[in-house]
Structure formats: C-alpha cells, structure tokens
Participant: 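Let me give you the structure first, and then I'll get to my questions.
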Amino acid sequence: MKKTGSRQRLGVRRWKRFKSNRRGYYSLIVFTILFVISLGAEMISNDKPFLVYYEGGLYWPIFKAYPETTFGGDFETETDYRDPYILDIIEADENFVLFPLNHFSYDTINLELDKPVPSPPTGDNLLGTDDRGRDVLARLIYGFRLSVLFGFALTFIGTTVGILAGSVQGYFGGKTDLFMQRFIEIWGAMPELYLLIIFASIFKPSVMLLLILLSIFGWMGLSDYVRAEFLKGRNMDYVTAAKALGVSNVVIMFRHLLPNGMTPVITFLPFRLSGAILALTSLDFLGLGVPPSTPSLGELLAQGKSNIEAWWLSLSTFAVLVGTLILLIFIGEALRETFDPRQLVKQKKK
C-alpha cells in the first residue's frame, strides 16, 4: 500500500509538471479534440443526411441504406440524396432533410462542377476538389482519422513487441541477450523499402498489409532502451530479494522492473506516433500505401505534385500534416521534460 501511494503521488507530481508546460499541455488538448472530432467524420462530412422526416416517419440514412421507393422514387436501388429530383420529392409538404455540415463524403464526386478538375475552392467545396472531382475537405477529415488510427495501431504493436524483446534481453542477459542482439542487427540491416515494394507488387495493397510490414521492423528502436533499463535494474537489491523469496521471473520483470523502466517508453510515444503517421504518408505518396480509393494525406500530396497549379491540394494537406506533427512533437517534448529526473529533483528543492 505504501509503495502504491508513493507511485500515485509521483504520478500526480508528473501530471502537474506536464500541465506546467503550457505548449505541450495545450497541444495535447488540441490534438485530442481534433482526433475525437475526426472519429465522427461520418457525422461531419457525408453525402447522406443525418435524418429524414418523410410522411410522419423518421429515417436515419447515415446508419441505414434506404431504397428510393421508400421516399416515393422509382427504383429499388439505394437513394441518392444529392439527386435534386429525389430531394424535391422528400422535401414536399412538411417533410425535411437534415444534412451534415459538409455535404460530401471522401468518395463523393461532385457532378455539378462548372470548372475542370481539380477545381478551386468554392462555396460548395470549401477546399476545392481533387483530380477526380472529390471534395478535398472530406478527404482531409477522413485521411486524418485514418493516419492517426494507423499511427496508434503501429505504435501500440511496436511498443508492445519492443517492451517484450527488450525486457527479455535485459533481464536474462548472457547468451539470450547475445543471440537477440545479433538477430536484431541482421533484421535491422534488411532493406525495408525494397521489401515493401516487393510485397506491394505481390499482394493487394491494404492498411492491414502495411501495418504488418511496418510492425515487423518498428519495434527494434525501442527495445534497446527497455533492454538498458532492465540491465540496470536486474542487479538491484529488491530484485535479488524477490528472487530469494521465490518470486517468478515474469512477476519480477513486469511488476517490479517494467514500471521503473517505462520512462523511455512513455517519452518516446508521441515521437513514434508522428513517425508512424509520416511513414504512412510517405508510402502513400510513393504509391506503396493504401488502395487508391482510400482517403489518404499522402495521396493528396501526390496529386498536388502532379497538379502544381492546384495549390489548394498541396497547401491544405501540408497544413494538416505539419500541424499534426508539430502538436505531437510539442507533446513529446513536454513528456520528456516531465519524466526527466533532474526536473523532479528541482521540483523537490522548491
């Protein structure tokens, strides 16, 4: 109980120290708000309405597909709510349709453009359209969500594998450490980009394929730091005492040593997340990432490169990508200062 209480007090002090770093603290708030908003992208940007009130009944097209015949149309196919004919039928009498703020989804093609694609920003398409007539704002919202979720998944897998590998190396040492170090050296020398090109030509591109390929290489950097922490702590008195009492190796590793070695893991998390987002964007830019129809920041940058005159493609995507990376870097710097033991000593003196 005493040990748990001291850890809680340490956590409170660290949180206060993190909040004192205004740049990192507000960056965390802004990034969290943007990410939470992007999770509801379908509620913000969609070519289907939230709600349709038709002849006394309530319909939720954003959650369920309805045929045209439901609203007095002629076909059994799914209703196209952007069709003026269908809208006139639905909105007759006292019926109404409630659309999201942006009336386009990431794959919606605006067929009412009066300029060639990619078309510049208008009142309909606030950030213009891409080279296929799709709304850039919608693709940025969905692309940001995909990038962050991919970054979280890759960071989680890489961190988990890195912790496991580093803890085994550092705790057992000896031949186990020697063998795993040689394996990491060989594995790290493999040409990752060439492997991605080969697998992209063999398998159908997908987010899952990218996640697997990047995960098998993304754990090595973190394992070195965890290994060093375990090598430092395995010979301490409390570990020796736990072994003498018959405590299992697994309990010693993950209950006693790991909490004390989590500092490098936590401080590197925002930087690993930004690296994962940048990796996905780079691969999409090179055409080795997600399928073409998937909303992607890298694909929009590639379109901006191919259409230099369409400044809205490059500028808007650049702003989203750089803004995201800056927020994550500020959060990472704040975490690094928070877990710096020298800062803890200074705080105690005060």
Side-chain angles (χ1 to χ4, degrees), residues 7 150-200 202-203 206-280 282-283 288 328 332 335-336 338-341:
R7 285 181 178 176
F150 180 87
F152 277 131
L154 185 59
T155 301
F156 174 77
I157 295 173
T159 301
T160 303
V161 177
I163 289 174
L164 292 175
S167 59
V168 170
Q169 282 183 264
Y171 182 76
F172 292 103
K175 292 183 179 180
T176 302
D177 184 30
L178 182 64
F179 173 77
M180 294 187 69
Q181 279 296 100
R182 298 296 80 77
F183 172 77
I184 290 175
E185 290 173 3
I186 296 172
W187 194 251
M190 296 180 68
E192 184 177 350
L193 182 59
Y194 288 155
L195 289 176
L196 288 170
I197 294 173
I198 293 170
F199 280 105
I202 297 175
F203 300 101
S206 67
V207 177
M208 186 58 63
L209 177 63
L210 277 179
L211 187 60
I212 293 172
L213 291 176
L214 292 176
S215 295
I216 62 179
F217 292 99
W219 57 272
M220 291 178 287
L222 184 63
S223 66
D224 292 337
Y225 295 97
V226 178
R227 170 179 172 265
E229 292 293 329
F230 271 71
L231 283 172
K232 182 174 63 176
R234 68 174 185 158
N235 294 320
M236 290 188 174
D237 293 339
Y238 71 92
V239 176
T240 305
K243 289 180 179 179
L245 291 172
V247 180
S248 66
N249 290 328
V250 175
V251 173
I252 294 174
M253 290 168 62
F254 297 104
R255 186 175 178 179
H256 299 290
L257 283 175
L258 184 59
N260 296 325
M262 285 296 289
T263 297
V265 175
I266 296 175
T267 53
F268 276 107
L269 282 179
F271 300 107
R272 292 182 66 84
L273 178 58
S274 62
I277 294 173
L278 197 57
L280 177 64
S282 302
L283 291 173
L288 302 173
L328 290 173
L335 282 175
R336 187 171 56 191
T338 299
F339 285 86
D340 187 351

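All heavy atoms count here, side chains included; hydrogens, waters and symmetry mates do not.
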Participant: Compile the donor-acceptor pairs under 3.5 Å between side chains in residues 165-175 and protein atoms, sequence neighbours left out, one pair per line.
Facilitator:
unit_1	atom_1	unit_2	atom_2	d
S167	OG	I163	O	2.8
S167	OG	L164	O	2.9
Q169	NE2	D177	OD1	3.1
Q169	NE2	Q181	OE1	2.7
Y171	OH	N249	OD1	2.8

Participant: Who passes side chain to side chain contact (heavy atoms under 4.5 Å, CB included) against F217, sequence neighbours left out?
Facilitator: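 With sequence neighbours excluded, F217 shows a side chain to side chain contact (heavy atoms under 4.5 Å, CB included) to W187, M190, E192, L195, M220, given in chain and number order.
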
Participant: Nearest 0.5 Å, please: how far is CG in L214 from CG in L209?
Facilitator: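 Nearest 0.5 Å value for the CG-CG distance: 9.0 Å.
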
Participant: I'd like a table of donor-acceptor pairs (distance under 3.5 Å, sequence neighbours excluded) in which one partner is a side-chain atom from residues 239-248, with atom names and distances.
Facilitator:
unit_1	atom_1	unit_2	atom_2	d
T240	OG1	M236	O	3.2
S248	OG	V251	N	3.4

Participant: Could you measure the distance from the OG1 atom of T155 to the CD1 atom of I277? Nearest 0.5 Å is fine.
Facilitator: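 The OG1 atom of T155 sits 8.0 Å away from the CD1 atom of I277.
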
Participant: Quick one: pull up OG1 in T159 and CZ in R272 and give me the separation to the nearest 0.5 Å.
Facilitator: 4.5 Å

Participant: If I take atom OG1 from residue T267 and atom CE from residue M262, how far apart are they, to the nearest 0.5 angstrom?
Facilitator: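 Atom-to-atom, T267:OG1 and M262:CE are 10.0 Å apart.
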
Participant: Name all residues meeting the ring-ring contact (aromatic ring centres under 6.0 Å, His included) criterion together with F254; count only those two or more places apart in sequence or in a different chain, and write none if there are none.
Facilitator: none

Participant: Could you go step by step and tell me if L283 and L210 meet the side chain to side chain contact (heavy atoms under 4.5 Å, CB included) rule?
Facilitator: CA-CA 9 Å; L283 291 173; L210 277 179; 3.6 Å; yes

Participant: What residues form a side chain to side chain contact (heavy atoms under 4.5 Å, CB included) with I157, not counting sequence neighbours?
Facilitator: V161, L211, S215

Participant: Return the orientation label for the Y225 and F268 ring planes: parallel under 30°, perpendicular over 60°, tilted otherwise.
Facilitator: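 Rings of Y225 and F268: tilted, as their planes differ by 30° to 60°.
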
Participant: Nearest 0.5 Å, what's the CG-CZ distance between L280 and F150?
Facilitator: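 So the CG of L280 and the CZ of F150 are separated by 5.0 Å.
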
Participant: If you measure from CG on L269 to CG on L273, what distance do you get to the nearest 0.5 Å?
Facilitator: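 One finds 8.5 Å between CG of L269 and CG of L273.
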
Participant: Given side chain to side chain contact (heavy atoms under 4.5 Å, CB included), test L288 with F199 step by step and report yes or no.
Facilitator: CA-CA 9 Å; L288 302 173; F199 280 105; over 6 Å; no

Participant: Count the heavy atoms belonging to other residues, nucleotides or ligands that lie under 6.0 Å from CZ of F152, then report whether that count exceeds 12.
Facilitator: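 Buried by this count: over 12 neighbours within 6.0 Å.
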
Participant: Return the set of residues passing salt bridge (Lys or Arg N to Asp or Glu O under 4.0 Å) with K232 (not counting sequence neighbours), or none when no residue passes.
Facilitator: E229

